Amino acid sequence: MKKFLIPILVGLVVCNVSAQDNSTEEQRVITTAVPFILIAADARAAGLGDIGVTTSADAFSQQWNPAKYAFAISKQGVGVTYTPYLSKLVNDIFLGNLTYYNRINERSAVAASLRYSSTGEIELRET
């Protein structure tokens with residue numbers, strides 16, 4: 001086994017393996033189509049720097065880790081949030097979130113959520 005493992009490891013370390021080809025001069029920025037998904041809907045996770053994964057199970061676990069619903073203390077819960085986003089710049093961009101969960105037994109739960117993001121009025125100008 002060592003006869004095969006050591007040469008393979010040495011070969012992987014020595015070789016320059018790249019998952020993306022950066023040889024072209026034109027670099028394109030990759031952006032997500034729906035960046036509002038990354039915005040924290042609940043105040044607790046947002047206040048902790050978007051680390052909702054490490055918090056205990058609550059109504060807003062749907063965004064971070066839905067498996068936490070099976071460990072929730074209450075049998076069911078509802079969460080509603082309204083977040084005025086970038087309110088210092090514009091007043092018509094917001095993020096709304098509605099979440100419901102029902103813990104069926106100790107090992108399973110059912111949950112649903114609805115997230116709405118308003119981008120406000122976009123003014124187009126031609127130069």
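Here the structure is a predicted model, which means the values were calculated and not measured.
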Checklist line | Exam field: side chain K68 to backbone F60, donor-acceptor pair closer than 3.5 Å | finding: no
Note to self: Could you report the tightest heavy-atom contact between A70 and A109, atom names first, then the distance?
What the structure shows: N-CB, 4.2 Å
Item checked: Minimum-distance pair of heavy atoms, taken over all atoms of G79 and A59 -> N-CB, 3.7 Å
Next item on the list: Using a cut-off of 6.0 Å, state whether more than 12 heavy atoms not belonging to Y82 lie near its atom OH.
Entry: yes
Note to self: Once you measure the plane-to-plane angle for Y116 and F94, does it fall in the parallel (<30°), tilted (30-60°) or perpendicular (>60°) bin?
What the structure shows: tilted
Next item on the list: State, with a plain yes or no, whether a side-chain heavy atom of Y69 is found less than 4.5 Å away from one of Q62.
Entry: yes
Checklist line | Atom of A72, atom of A57 and distance for their closest heavy-atom approach | finding: CA-CB, 3.8 Å
Notebook entry, point to check: Which of these passes side-chain contact (heavy atoms from CB on, under 4.5 Å) with I51: T54, V53, T55?
Noted result: T54
Note to self: Is it the case that the side chain of Y101 and the backbone of P66 share a donor-acceptor pair, with hydrogens and angles ignored and the cut-off at 3.5 Å?
What the structure shows: no
Note to self: If we ignore hydrogens and angles and just use 3.5 Å, is the side chain of K75 paired with the main-chain N or O of R103 as donor and acceptor?
What the structure shows: yes
Item checked: Heavy-atom side-chain proximity of N97 to L114 below 4.5 angstrom -> no
Check: Counting only heavy atoms not in I73, do more than 12 sit closer than 6.0 Å to its CD1 atom?
Finding: no
Note to self: I need the I93 CD1 to S117 OG distance, nearest 0.5 Å.
What the structure shows: 8.0 Å
Check: Could you state the interatomic distance from CG (L95) to OG1 (T81), rounded to the nearest 0.5 Å?
Finding: 6.0 Å
Notebook entry, point to check: Which pair of heavy atoms, one from S113 and one from T99, lies closest together, and at what distance?
Noted result: CB-OG1, 3.7 Å
Next item on the list: Check whether any side-chain heavy atom of Q76 sits under 4.5 Å from a side-chain heavy atom of Y100, and report yes or no.
Entry: yes
Item checked: Side-chain touch V80/V78, heavy atoms, less than 4.5 angstrom -> yes
